[in-house]
Amino acid sequence: MTYLPADFTITIRSAQPHALHLNVAGDLDYETSNWFTNEVNQALDTHREQHGPALEDLHLDFSGLTGIDSSALTVLLLLHRRTHPAGITLHLDQQPAYMTRVLEITGIADHLTQDARATHTAAGIAHDEQNESASAP
């Protein structure tokens with residue numbers, strides 16, 4: 001049986017076709033990281049079922065966060081691995097100072113929140129240029 005602290009929650013604040021806003025409250029740590037991953041993935045899957053592949057921005061509001069450990073970094077990196085290739089930019093809103101500090105020290109803050117659309121547009125242009133040069137006489 002998995003213990004889940006009653007004070008850890010993920011709630012959908014709002015969902016529009018191009019933006020999904022989730023509130024995260026409590027400790028995001030070893031005890032809650034799998035549940036966090038499952039809940040966010042379910043919210044993404046439900047959003048896709050309702051709106052198709054229109055999602056561009058996933059906002060995670062951490063104003064209710066009370067603590068993190070290294071497991072939080074792992075699940076955020078896994079979430080980025082899912083969202084970024086799908087063209088969804090991850091936004092880590094209302095971070096407590098300790099979360100911002102950990103993300104900066106580890107060097108993953110910019111990686112997690114890079115604009116997925118700009119990256120895919122740049123990759124598409126590079127791919128098109130590569131195809132053009134390969135087909136040129």
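Small disclaimer: the values here were computed from a predicted structure and weren't measured. Sequence positions, counted from 1, serve as the residue numbers for this chain.
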* Nearest 0.5 Å, what's the CG-NE2 distance between Leu58 and His21? ->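 Answer for the CG-NE2 pair, Leu58 versus His21, is 9.0 Å.
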* Between atom CD of Gln42 and atom CD of Glu49, what is the distance when rounded to the nearest 0.5 Å? ->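 Answer for the CD-CD pair, Gln42 versus Glu49, is 9.0 Å.
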* Asked: Taking only residues at least two apart or on different chains, which pairs with a member in residues 96-107 satisfy side chain to side chain donor-acceptor pair (under 3.5 Å)?
  ->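 Residue pairs with at least one partner in residues 96-107: Gln95-Thr100.
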Please identify each residue that fulfils side-chain hydrogen bond (donor to acceptor under 3.5 Å, both in side chains) with [X], with sequence neighbours left out.
{"X": "His91", "value": "Asp57"}
{"X": "Thr113", "value": "none"}
{"X": "Asp93", "value": "His59"}

Side chain [X], main chain [Y], donor-acceptor under 3.5 Å:
{"X": "Thr46", "Y": "Ala43", "result": "no"}
{"X": "Asn38", "Y": "Asn41", "result": "no"}
{"X": "Thr89", "Y": "Ala116", "result": "yes"}

Those residues that, when tested against [X], pass side chain to side chain contact (heavy atoms under 4.5 Å, CB included) (two or more places apart):
{"X": "Thr66", "result": "Asp27"}
{"X": "Arg81", "result": "Leu78"}
{"X": "Ala15", "result": "Ile12, Leu20, His47"}

* salt bridge (charged side-chain N to carboxylate O under 4.0 Å, His left out) contacts touching residues 61-73 (sequence neighbours left out) ->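 Listed once each, the pairs are Arg13-Asp61.
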* More than 12 heavy atoms of other groups within 6.0 Å of Gln16 CD ->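 Count over threshold, so yes.
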* Asked: Can you name the salt bridge (charged side-chain N to carboxylate O under 4.0 Å, His left out) partners of Asp45, sequence neighbours left out?
  ->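 Scan of Asp45 (salt bridge (charged side-chain N to carboxylate O under 4.0 Å, His left out), adjacent residues dropped) gives Arg82.
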